[in-house]
Enquirer: 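Sharing a structure with you now.
Along the sequence shown, residues carry numbers from 1. Computed over heavy atoms, backbone and side chain alike; hydrogens, waters and symmetry mates excluded. Start at 1 and go down the list; that is how both ligands and their atoms are numbered.
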Amino acid sequence: MADEVKKEPRKIVPKKYPMPEQDPKERTKNFNEVPIGQDAQTAILEAQRCLQCKRGPNRKLCMDGCPVEIEIPAFIKQVQEGNFEEAIKIIRQKQNLPAVCGRVCPYENQCEGNCVVGKKNEPVGIGRLERFLADWERKEMKKGKIEVPPSTGKKVAVVGGGPAGLTVAGDLARLGHKVSVFEALQYCGGVLIYGIPEFRLPKEIVKAEVDYISRMGVDIKNDFVVGKLDTVDELLQEHDVVFVATGAGLPDWTGLVGENLNGIMSANEYLTRVNLMKAFKFPEYDTPIRVGERVVTIGGGNVAMDCARTSLRLGCKESVILYRRSDAELPARREEIHHAKDEGVRFELLAAPLEFIGDECGNVKQVKAIRMQLGEPDASGRRRPIKIPGSEFLIDAQTVLIAIGQSPNPLVPMTTPDLKTTKEGTIAVDEEGRTSKKAVWAGGDIASGAATVILAMGDGKRAAKSMHKYLLGDKSWPSPEVFEKLSCEM
Ligand SMILES: Cc1cc2nc3c(=O)[nH]c(=O)nc-3n(C[C@H](O)[C@H](O)[C@H](O)COP(=O)(O)OP(=O)(O)OC[C@H]3O[C@@H](n4cnc5c(N)ncnc54)[C@H](O)[C@@H]3O)c2cc1C
Ligand code: SF4
């Protein structure tokens, strides 16, 4: 396929080549992916925008912004030549889930944020190229067993099959260790499978990435809740090392009056019903979902955008985001905010909920909210929202979705007594991901608190290097005082 593509001489092109998308009016009627992806010719043209910069003193390049250290100029060079197979091999050396990261990574703040072309023009579309190559690989390359080195005889247990766990599994399988992943749900993928909706990340793509990892010889044990079936201590009897990557899937609540009315759900429950259980295809699938005419989503991150956009696709008449700061502080990715606005989500900014009001049957009917203004920056560096007295107002809502954050899953820390946690409930780790318990590492959202896919993968990468060193014989471990300090400081 690549051979048939016409190669063009390099020229300065100020903007990224466009990524075709489904029309906003059409796409709110379906769950299909919004961006359609670039074709081979466009990918080559996009790659030709890259200057192939060399590293120099005091010069930050694209790859310095990538938490999993992909050799970005090297893979782009191969795309410039139309050598897609070589290009994806370079990515695969460092990255276990390229089709995912090419879709959901905040690359504007990472690799693309450091791109030299981006100083005067739009940066090279590194995320689009990664996505293109991963999609090309899935369609064009054979799906046989993936060669790994002969077995080292060492056994690794990974608890949780989200991006952090899958990264450790892929990296350690690639080094010849025998890896088993223990996942609580019926599929691996973590938030990629139960949280991020189909229209951003089709589940077939996540399953294909998980399949790639099992083709490396990783044993995937789904429906296995560690802490209920085996504990971490029990896993250690059968394995040399354990990596805990159980994520931050515990929903935070507002604690406001009326929060237990019918029609009020955590974002987690709502998205799990729709994505994992396919409630949007009810009754073809068994799990139901109820969405009212007016939906109010509380929060301003990616999770809130996903809830608001999902609600439109489930047929609500109006989908409102209620966020206490202004547009500039919305924590969601810019692309997601644009998509939400194009689709007709209404943003009620600088406003916070005060109370949920129900009808005589216990169903939510209104959200009482108050206008806010921004004061001085708080500990997070963002300007603190302050209530404006007397500015209360009501918004009608038959469905309210709470998307104000998630906390670490407590089950593994609760059932592993010598695992130190911080006061936020995250597992305390050192810079290599080592925990207070010898031979146990942790990473991703369970160690950092709710963050991003690529940061979870970066944690996995660092831990995999440290675990490999340990498995090869270096059993050094930080002193208990290190973890005492970590658990108090954070
Ligand atoms: C709706 C939503 C949208 C998001 N959008 C983006 C985005 O666009 N870009 C981005 O970069 N990030 C996004 N994020 C954040 C990102 O998905 C997470 O930071 C990332 O998935 C964390 O990876 P993880 O592997 O640490 O944990 P998770 O993805 O949470 O995976 C943890 C896994 O462990 C399993 N598990 C939990 N407890 C146990 C147990 N006791 N035994 C066995 N298994 C267990 C869980 O079932 C899960 O599969 C989003 C998050 C959500 C919720
Ligand atoms: S910084 Fe930008 S232009 Fe330079 S090598 Fe990386 S992608 Fe190419």
Enquirer: Could you identify the single nearest non-hydrogen protein atom to atom 2 (C) of ligand 1 and state the distance to 0.1 Å?
Expert: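 Of every protein heavy atom, Val303 CG2, 3.5 Å lies nearest to atom 2 (C) of ligand 1.
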Enquirer: Would you mind listing which atoms of ligand 1 come within a distance below 4.0 Å of any non-hydrogen atom of Gly444?
Expert: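 Listed by number with element: 26 (O).
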Enquirer: Run the numbers for me: atoms of ligand 2, each under 4.0 Å from some heavy atom of Val116, listed by number.
Expert: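 Close to Val116: 1 (S), 2 (Fe).
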Enquirer: Check this for me, if you would: do Lys16 and Glu122 make a salt bridge, where the nitrogen-to-carboxylate-oxygen distance has to be below 4.0 angstrom?
Expert: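 Looking at Glu122 together with Lys16, the answer is no, because their closest N to O distance does not fall below 4.0 Å.
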Enquirer: Going by distance only, is there an N or O of Leu411 that falls short of 3.5 Å from an N or O of ligand 1?
Expert: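 Between Leu411 and ligand 1, no N or O pair is found under 3.5 Å apart.
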Enquirer: Should we say atom CZ of Arg324 is surrounded by more than 12 heavy atoms from elsewhere, each under 6.0 Å from it?
Expert: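 Counting neighbours around CZ of Arg324, 12 or fewer heavy atoms of other residues, nucleotides or ligands fall under 6.0 Å, so no.
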Enquirer: Note the single closest protein heavy atom to atom 26 (O) of ligand 1, along with its residue, its atom name and the distance in Å.
Expert: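 The answer is Asp445 N, 2.8 Å.
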Enquirer: Under 4.0 Å, heavy atoms only, figure out whether ligand 1 is touched by the backbone of Ala451, its side chain, both or neither.
Expert: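 Answer for Ala451: backbone.
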Enquirer: Name the closest protein heavy atom to atom 42 (N) of ligand 1, giving the residue it belongs to and the distance to 0.1 Å.
Expert: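 Residue, atom and distance for the closest contact: Val226 N, 2.9 Å.
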Enquirer: Does a salt bridge link Glu198 with Lys203, judged by any charged N lying under 4.0 Å from a carboxylate O?
Expert: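 No, this pair does not count.
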Enquirer: Could you list which atoms of ligand 2 come closer than 4.0 Å to a heavy atom of Val117?
Expert: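 Those qualifying, in numeric order: 3 (S).
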Enquirer: Looking at Arg294 and Glu318, is there a salt bridge between them, counting it only when a charged N and a carboxylate O are closer than 4.0 Å?
Expert: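 A salt bridge links Glu318 with Arg294.
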Enquirer: Could Glu108 and Arg333 be called an ion pair, given the rule that one side-chain N must be under 4.0 Å from one carboxylate O?
Expert: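 Arg333 and Glu108: salt-bridged.
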Enquirer: So, is Gln406 polar-close to ligand 1, with some N/O to N/O distance under 3.5 Å?
Expert: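 Between Gln406 and ligand 1 (N or O atoms, distance only) the closest approach is not under 3.5 Å.
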Enquirer: Provide, to 0.1 Å, the distance between atom 34 (O) of ligand 1 and the closest protein heavy atom, together with that atom's residue and name.
Expert: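 It is Gly160 CA, 3.2 Å.
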Enquirer: Between Asp171 and Lys94, is the closest basic N to carboxylate O distance under 4.0 Å?
Expert: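 So Lys94 does not pair with Asp171 through a salt bridge.
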Enquirer: Determine whether the side chain, the backbone, both or neither of Arg200 has a heavy atom under 4.0 Å from any heavy atom of ligand 1.
Expert: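 Within the 4.0 Å criterion, Arg200 contacts ligand 1 through side-chain atoms alone.
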Enquirer: Would you say Ala450 contacts ligand 1, with heavy atoms under 4.0 Å as the rule?
Expert: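 So Ala450 does not count as touching ligand 1.
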Enquirer: What about Glu183: any of its N or O atoms under 3.5 Å from an N or O on ligand 1?
Expert: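 Such a contact does occur with ligand 1.
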Enquirer: Should we say atom CZ of Phe282 is surrounded by more than 12 heavy atoms from elsewhere, each under 6.0 Å from it?
Expert: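 Counting other residues, nucleotides and ligands, CZ of Phe282 exceeds 12 neighbours.
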Enquirer: Considering only heavy atoms of Ile196, which atoms of ligand 1 have at least one such atom less than 4.0 Å away?
Expert: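 Per the distance check, 3 (C), 4 (C), 5 (N), 6 (C).
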Enquirer: Which residue owns the protein heavy atom closest to atom 8 (Fe) of ligand 2, what's the atom, and how far is it?
Expert: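 Here the nearest protein heavy atom works out to Cys50 SG, 2.4 Å.
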Enquirer: Tell me whether the rings of Phe199 and Phe31 are parallel (<30°), tilted (30 to 60°) or perpendicular (>60°).
Expert: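 Ring orientation, 0 to 90° scale: tilted.
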Enquirer: May I ask you to check whether Cys115 brings an N, O or S atom to under 2.8 Å from atom 8 (Fe) of ligand 2?
Expert: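 Checking Cys115: none of its N, O or S atoms is under 2.8 Å.
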Enquirer: Within ligand 1, which atoms have a heavy atom of Gly190 less than 4.0 Å away?
Expert: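 The atoms of ligand 1 under 4.0 Å from a heavy atom of Gly190 are 29 (O), 31 (O), 48 (C), 49 (O).
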Enquirer: How does Asp459 reach ligand 1, by side chain, by backbone, by both or by neither, if only non-hydrogen atoms under 4.0 Å count?
Expert: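 Answer for Asp459: neither.
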Enquirer: Show the atoms of ligand 1 that are less than 4.0 angstrom away from any heavy atom in Phe224.
Expert: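 Numbered from 1, ligand 1 contributes 42 (N), 43 (C).
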Enquirer: Among all protein non-hydrogen atoms, which one is nearest to atom 6 (C) of ligand 1, and what is the separation to 0.1 Å?
Expert: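 For atom 6 (C) of ligand 1, the nearest protein heavy atom comes out as Asn302 ND2, 3.6 Å.
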Enquirer: Please state which part of Thr246 comes within less than 4.0 Å of ligand 1, counting heavy atoms only: side chain, backbone, both or neither.
Expert: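 Answer for Thr246: both.
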Enquirer: Please confirm whether Arg273 makes a cation-pi placement over Tyr194, using NZ or CZ under 6.0 Å from the six-membered ring centre and within 45° of the ring normal.
Expert: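 Geometry flag: not set, cation outside 6.0 Å or 45°.
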Enquirer: Which residue owns the protein heavy atom closest to atom 27 (O) of ligand 1, what's the atom, and how far is it?
Expert: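 The answer is Gly247 CA, 3.5 Å.
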Enquirer: Mark up the atoms of ligand 1 that fall under 4.0 Å of a heavy atom belonging to Asp306, in ascending order.
Expert: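 This gives 1 (C), 2 (C), 3 (C) as the contact atoms.
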Enquirer: Considering only heavy atoms of Pro73, which atoms of ligand 2 have at least one such atom less than 4.0 Å away?
Expert: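 Heavy-atom distances to Pro73 below 4.0 Å select 5 (S).
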Enquirer: Using modelled atom types only, decide if a donor and an acceptor are shared between the side chain of Arg59 and the backbone of Lys54 within a distance under 3.5 Å.
Expert: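 Checked: pair present.
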Enquirer: Does ligand 1 come near enough to Ala184 that some N or O of the ligand is less than 3.5 Å from an N or O of the residue?
Expert: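 Yes, there is a polar N/O contact under 3.5 Å.
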Enquirer: Under 4.0 Å between a side-chain nitrogen and a carboxylate oxygen: does that hold for Glu86 and Arg92?
Expert: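 No, no charged N to carboxylate O under 4.0 Å.
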Enquirer: Select one of side chain, backbone, both or neither to describe which atoms of Val453 lie under 4.0 Å from any atom of ligand 1, heavy atoms only.
Expert: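 It is both parts that get close, each with some atom under 4.0 Å.
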Enquirer: Please classify the Val104 to ligand 1 contact at 4.0 Å (heavy-atom distances, strictly less than): side chain, backbone, both or neither.
Expert: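 Answer for Val104: both.
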Enquirer: Under a 4.0 Å N-O cut-off, is there an ion pair linking Arg334 with Glu336?
Expert: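 Between Glu336 and Arg334 there is no salt bridge, as every charged N stays at least 4.0 Å from the carboxylate O atoms.
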Enquirer: Quick one: which ligand 1 atoms are inside 4.0 Å of a heavy atom on Leu185?
Expert: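 Ligand 1 atoms under the 4.0 Å threshold to Leu185: 47 (O).
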Enquirer: Answer with side chain, backbone, both or neither: which part of Pro163 has a heavy atom less than 4.0 angstrom from an atom of ligand 1?
Expert: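 Under 4.0 Å from ligand 1, Pro163 contributes backbone and side-chain atoms.
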Enquirer: Suppose I only count heavy atoms of Ala245 and a 4.0 Å limit; which atoms of ligand 1 are within that range?
Expert: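 Those of ligand 1 that fall under 4.0 Å from Ala245 are 32 (C), 33 (C), 34 (O).
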Enquirer: Can a salt bridge be assigned to the pair Glu69 and Lys465 using a cut-off of 4.0 Å between side-chain N and carboxylate O?
Expert: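 Answer for the salt bridge query: yes.
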Enquirer: In the protein, what heavy atom is nearest to atom 25 (O) of ligand 1, and what distance, to one decimal place, separates them?
Expert: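 Atom 25 (O) of ligand 1 sits closest to the protein heavy atom Ala164 N, 3.0 Å.
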Enquirer: Look at atom 31 (O) of ligand 1 and say which protein heavy atom is nearest, naming residue and atom and giving the distance to 0.1 Å.
Expert: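 Answer for atom 31 (O) of ligand 1: Gly162 CA, 3.4 Å.
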Enquirer: Under a 4.0 Å N-O cut-off, is there an ion pair linking Asp430 with Arg434?
Expert: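 Arg434 and Asp430: salt-bridged.
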Enquirer: With atom 30 (O) of ligand 1 as the reference point, say which of Leu276, Thr167, Val191 has the nearest heavy atom.
Expert: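 Answer by nearest heavy atom: Val191.
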Enquirer: With heavy-atom distances below 4.0 Å as the criterion, list the atoms of ligand 1 near Val225.
Expert: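 Taking each heavy atom of Val225 in turn, ligand 1 has 41 (N), 42 (N) under 4.0 Å.
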Enquirer: Which of the listed options, Cys53, Gly125, Cys62, holds the heavy atom that is closest to atom 7 (S) of ligand 2?
Expert: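 Of the listed residues, Cys62 has the closest heavy atom.
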Enquirer: Is it the case that more than 12 heavy atoms not belonging to Lys438 sit under 6.0 Å from its NZ atom?
Expert: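 Above 12, so yes.
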Enquirer: Take atom NZ in Lys420; do more than 12 heavy atoms of anything else shown fall under 6.0 Å from it?
Expert: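 It does not: Lys420 NZ has 12 such atoms or fewer within range.
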Enquirer: Checking a contact table here: which protein heavy atom is nearest atom 3 (S) of ligand 2, and how many Å away?
Expert: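 Checked against all protein heavy atoms, atom 3 (S) of ligand 2 sits closest to Leu51 N, 3.3 Å.
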Enquirer: Is the closest basic N to carboxylate O distance between Glu343 and Arg313 below 4.0 Å?
Expert: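 Looking at Glu343 and Arg313, the cut-off is met.
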Enquirer: Is Lys178 salt-bridged to Asp240, going by a charged N under 4.0 Å from an acidic O?
Expert: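 So Lys178 does not pair with Asp240 through a salt bridge.
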Enquirer: Is it true that Lys461 and Asp459 make a salt bridge, defined as a side-chain N closer than 4.0 Å to a carboxylate O?
Expert: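 So Lys461 does not pair with Asp459 through a salt bridge.
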Enquirer: Does Arg103 come within less than 4.0 Å of Asp135, counting only side-chain N to carboxylate O?
Expert: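 Here Arg103 pairs with Asp135 in a salt bridge, since their nearest N and O are under 4.0 Å apart.
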